[in-house]
Amino acid sequence: MIQSYSSVVKRYLRFASTLSIVFSLAVVLFTYLRQGTDWSLVTIGFALTHLILSFINFFIARRIQNNGKVHPMHRVWGFVLMLSVLLGNPFNFITGMFLVLRKLMSYQIYLIFAVLVDLTIIVTTSLNFFKPTMSPTFIIGLVLLGFSLLFHWGLALFSAHLKNVSKTQLYIIIALLVVTSFSGNLLSLIAAWLIWREHHNQANVRRRSVFSNISRHEVAIFGLYIITFIFAMAMTSYLTFEYSYAVENNYTAILQAPSMTYPLGTDNFGRDVFSRMVFGGRISLLVGVLATLAPLLIGGFLGAVSGYYSHRVDQTIMRSLDVLYAIPGILLAITIVTAFGTSTQNLILALSIGGIPGYARTMRANVLQVKQLEYVEAAHAVGVSDVKIILKHIIPNASAPMIIRSSLTVATAVISTSSLSYLGLGVESHIPEWGNILRIGSDYLETQPYLAIYPGLAIIALVLSFNFLGDGLRDALDPKMTQ
């Protein structure tokens with residue numbers, strides 16, 4: 001029987017309880033700004049219940065921080081806080097799940113946040129019920145999301161008993177986790193891999209995986225939750241959102257204030273800002289990932305070859321890249337987009353080219369250190385070819401800083417995408433993209449400020465999430481943490 005909470009659980013409880021208080025105060029403030037002095041009994045009851053549950057969360061977390069002992073009532077309050085997610089507080093749900101499960105494996109943490117992703121998507125998607133028309137596949141998509149939620153939630157609650165299931169049952173569970181990850185819930189896929197890894201290691205594993213290390217970093221996991229939510233919304237929107245609301249003009253609904261029909265209002269063409277924000281996440285993630293992946297692969301390969309071979313090859317590659325490095329990245333992107341026209345493909349190309357020299361320099365510096373190690377010299381001695389040494393020994397052991405850099409570069413690419421679109425040099429103006437939405441909203445800052453606030457908050461949230469994930473990756477890839 002567990003007598004005390006682990007340090008990891010304590011950190012998560014402290015993190016969730018603090019953000020729960022902040023979130024509830026923000027809800028009360030937002031409700032006050034919307035209702036003014038005309039508060040109804042229902043509104044007052046909702047705001048007070050929201051705030052009281054957050055203070056209960058904070059009180060329990062502080063008691064656990066002080067003595068760390070398990071109390072029988074903690075599990076009762078855990079179920080209460082877990083179910084309070086129906087009031088829209090995800091941080092109470094996190095605390096509730098940790099109090100119910102008490103001691104967690106890495107895959108259980110990912111399952112908890114996979115459930116949270118499902119809940120957030122379902123709540124967000126359900127707002128389409130108030131639209132005059134819905135996507136023909138809306139109900140199908142919502143039912144599939146409901147099954148995914150029930151499966152993840154049930155598995156999270158009973159995950160402590162996975163060690164007692166048969167091999168066939170385990171394979172079925174892993175297969176279902178993989179299938180549910182097709183909705184864009186990457187946390188489900190990570191949980192499936194960790195469960196498989198946990199049950200296929202016969203001996204005690206002294207080296208934890210990167211994902212296991214990240215699970216100990218609560219801020220990184222929260223950033224990964226935000227990224228997964230935006231990605232999953234972009235994936236599920238093909239079934240649950242009607243694209244016409246985001247692109248077709250509706251002159252009978254121009255500049256309407258936020259309502260149940262239009263949760264974030266409408267723009268100057270009568271387009272639903274809520275739908276445009278959902279579809280805009282596709283562009284931001286697509287450009288951010290592809291504009292990072294291309295220079296990562298090209299720059300990484302050039303840097304590996306430059307660092308491995310002698311002076312002539314090194315000087316030829318690096319001096320050529322120095323010419324490209326001398327041009328400011330944003331200026332190069334503006335030049336390319338201006339020359340070839342505004343499109344998503346040209347934007348990805350423009351942002352990718354500017355990132356190649358930085359990745360090449362990072363990889364070259366790492367390779368210069370790795371190639372001096374004994375196992376590389378041993379590979380030389382037994383006659384292994386240079387190509388095999390580079391691909392099998394050099395690049396894998398020099399890639400950790402590249403992975404960390406890539407997570408931060410995605411955030412930079414998202415900002416650059418929105419900035420260029422804001423200037424009219426990104427994707428086409430009619431395509432829903434956060435920079436385009438922000439550009440339109442900036443013309444109405446005095447009358448309809450929410451048109452600029454919502455896309456601005458979305459950009460900030462995505463960029464911060466990638467930065468949080470980058471910090472977690474930096475710690476997770478530290479050799480001292482893998483022991």
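Keep in mind the model is a prediction, meaning the values are calculated, not measured.
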Item to check | Residue pair Ser148, Ser183: steps toward the side-chain hydrogen bond (donor to acceptor under 3.5 Å, both in side chains) verdict | outcome: CA-CA 9 Å; Ser148 177; Ser183 66; 4.8 Å; no

Item to check | Worked verdict on Asn57 versus Ser17 for side-chain hydrogen bond (donor to acceptor under 3.5 Å, both in side chains) | outcome: CA-CA 6 Å; Asn57 182 352; Ser17 62; 4.6 Å; no

Taking the six-membered ring for Trp and the single ring otherwise, decide whether the centroids of [X] and [Y] are under 6.0 Å apart.
{"X": "Phe241", "Y": "Phe138", "answer": "no"}
{"X": "His217", "Y": "Phe468", "answer": "no"}
{"X": "Phe15", "Y": "Phe222", "answer": "yes"}

Is any side-chain heavy atom of [X] less than 4.5 Å from a side-chain heavy atom of [Y]?
{"X": "Leu157", "Y": "Met82", "value": "yes"}
{"X": "Thr409", "Y": "Tyr359", "value": "yes"}
{"X": "Asn89", "Y": "Ser20", "value": "yes"}
{"X": "Leu255", "Y": "Leu451", "value": "yes"}
{"X": "Ser6", "Y": "Arg11", "value": "no"}
{"X": "Val117", "Y": "His152", "value": "no"}
{"X": "Ile112", "Y": "Leu116", "value": "no"}
{"X": "Tyr110", "Y": "Ile221", "value": "yes"}

State, to 0.1 Å, how close [X] and [Y] come at their nearest heavy-atom pair, and which atoms those are.
{"X": "Leu462", "Y": "Ser284", "answer": "CD2-CB, 4.3 Å"}
{"X": "Thr261", "Y": "Pro132", "answer": "CG2-CD, 3.9 Å"}
{"X": "Ser215", "Y": "Tyr12", "answer": "O-OH, 2.6 Å"}
{"X": "Val178", "Y": "Leu189", "answer": "CG2-CD1, 4.1 Å"}
{"X": "Pro432", "Y": "Tyr243", "answer": "CD-OH, 3.6 Å"}
{"X": "Glu433", "Y": "Thr417", "answer": "OE2-CG2, 3.6 Å"}

For the atom pair [atom1] ([X]) and [atom2] ([Y]), what is the distance rounded to the nearest 0.5 Å?
{"X": "Thr137", "Y": "Leu239", "atom1": "OG1", "atom2": "CG", "result": "4.5 Å"}
{"X": "Ile437", "Y": "Trp434", "atom1": "CD1", "atom2": "CH2", "result": "8.5 Å"}
{"X": "Ile139", "Y": "Leu144", "atom1": "CD1", "atom2": "CG", "result": "11.5 Å"}
{"X": "Ile214", "Y": "Arg474", "atom1": "CD1", "atom2": "CZ", "result": "12.0 Å"}
{"X": "Phe113", "Y": "Phe229", "atom1": "CZ", "atom2": "CZ", "result": "14.5 Å"}
{"X": "Phe55", "Y": "Ile60", "atom1": "CZ", "atom2": "CD1", "result": "14.0 Å"}

Any donor-acceptor pair under 3.5 Å from [X] side chain to [Y] backbone:
{"X": "Trp77", "Y": "Gly96", "value": "no"}
{"X": "Ser418", "Y": "Ile415", "value": "no"}
{"X": "Asn185", "Y": "Ser181", "value": "no"}
{"X": "Ser259", "Y": "Tyr262", "value": "yes"}
{"X": "Thr125", "Y": "Ile122", "value": "no"}
{"X": "Asn92", "Y": "Leu81", "value": "no"}
{"X": "Gln65", "Y": "Lys10", "value": "yes"}
{"X": "Thr266", "Y": "Ala253", "value": "yes"}
{"X": "Arg271", "Y": "Asn249", "value": "no"}
{"X": "Ser188", "Y": "Leu177", "value": "yes"}

Item to check | Over-ring placement of Arg282 relative to Tyr238, 6.0 Å and 45° cut-offs | outcome: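 Yes.
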
Checklist entry - Under 6.0 Å from the OH atom of Tyr454, do we count more than 12 heavy atoms belonging to anything else shown? => result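 Yes, the 6.0 Å shell around OH holds more than 12 heavy atoms from other groups.
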
Kindly list each side-chain donor-acceptor pair under 3.5 angstrom involving residues 438-447, sequence neighbours excluded, with atom names and distances?
{"unit_1": "Arg439", "atom_1": "NE", "unit_2": "Ser421", "atom_2": "O", "d": "3.2"}
{"unit_1": "Arg439", "atom_1": "NH2", "unit_2": "Asn436", "atom_2": "OD1", "d": "3.3"}
{"unit_1": "Ser442", "atom_1": "OG", "unit_2": "Tyr422", "atom_2": "OH", "d": "3.4"}
{"unit_1": "Ser442", "atom_1": "OG", "unit_2": "Arg439", "atom_2": "O", "d": "2.6"}

Next on the checklist: I'd like to know whether Leu142 forms a side chain to side chain contact (heavy atoms under 4.5 Å, CB included) with Ser126, so could you lay out the CA-CA distance, the side-chain angles of the two residues, the decisive distance to 0.1 Å, and finally the verdict.
Outcome noted: CA-CA 8 Å; Leu142 205 60; Ser126 297; 4.2 Å; yes

Checklist entry - Will you find, in the side chains of Ser135 and Glu242, an N or O donor that is under 3.5 Å from an N or O acceptor? => result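 The answer is no; no qualifying pair exists.
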
Checklist entry - Can you list the steps and then say if Phe23 with Ser54 is a side chain to side chain contact (heavy atoms under 4.5 Å, CB included)? => result CA-CA 9 Å; Phe23 183 74; Ser54 294; over 6 Å; no

Next on the checklist: Checking ring-ring contact (aromatic ring centres under 6.0 Å, His included) between Phe93 and each of Tyr225, Trp153, Phe98, which is the one that passes?
Outcome noted: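 The option that passes is Trp153.
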
Next on the checklist: Under the criterion side chain to side chain contact (heavy atoms under 4.5 Å, CB included), I'd like the reasoning laid out for Ile254 against Asp267: C-alpha separation, chi angles, the key distance, then a yes or no.
Outcome noted: CA-CA 6 Å; Ile254 293 177; Asp267 63 9; over 6 Å; no

Checklist entry - Going through the distances and angles, do Lys131 and Ser275 end up as a side chain to side chain contact (heavy atoms under 4.5 Å, CB included)? => result CA-CA 11 Å; Lys131 290 282 193 300; Ser275 299; 4.2 Å; yes

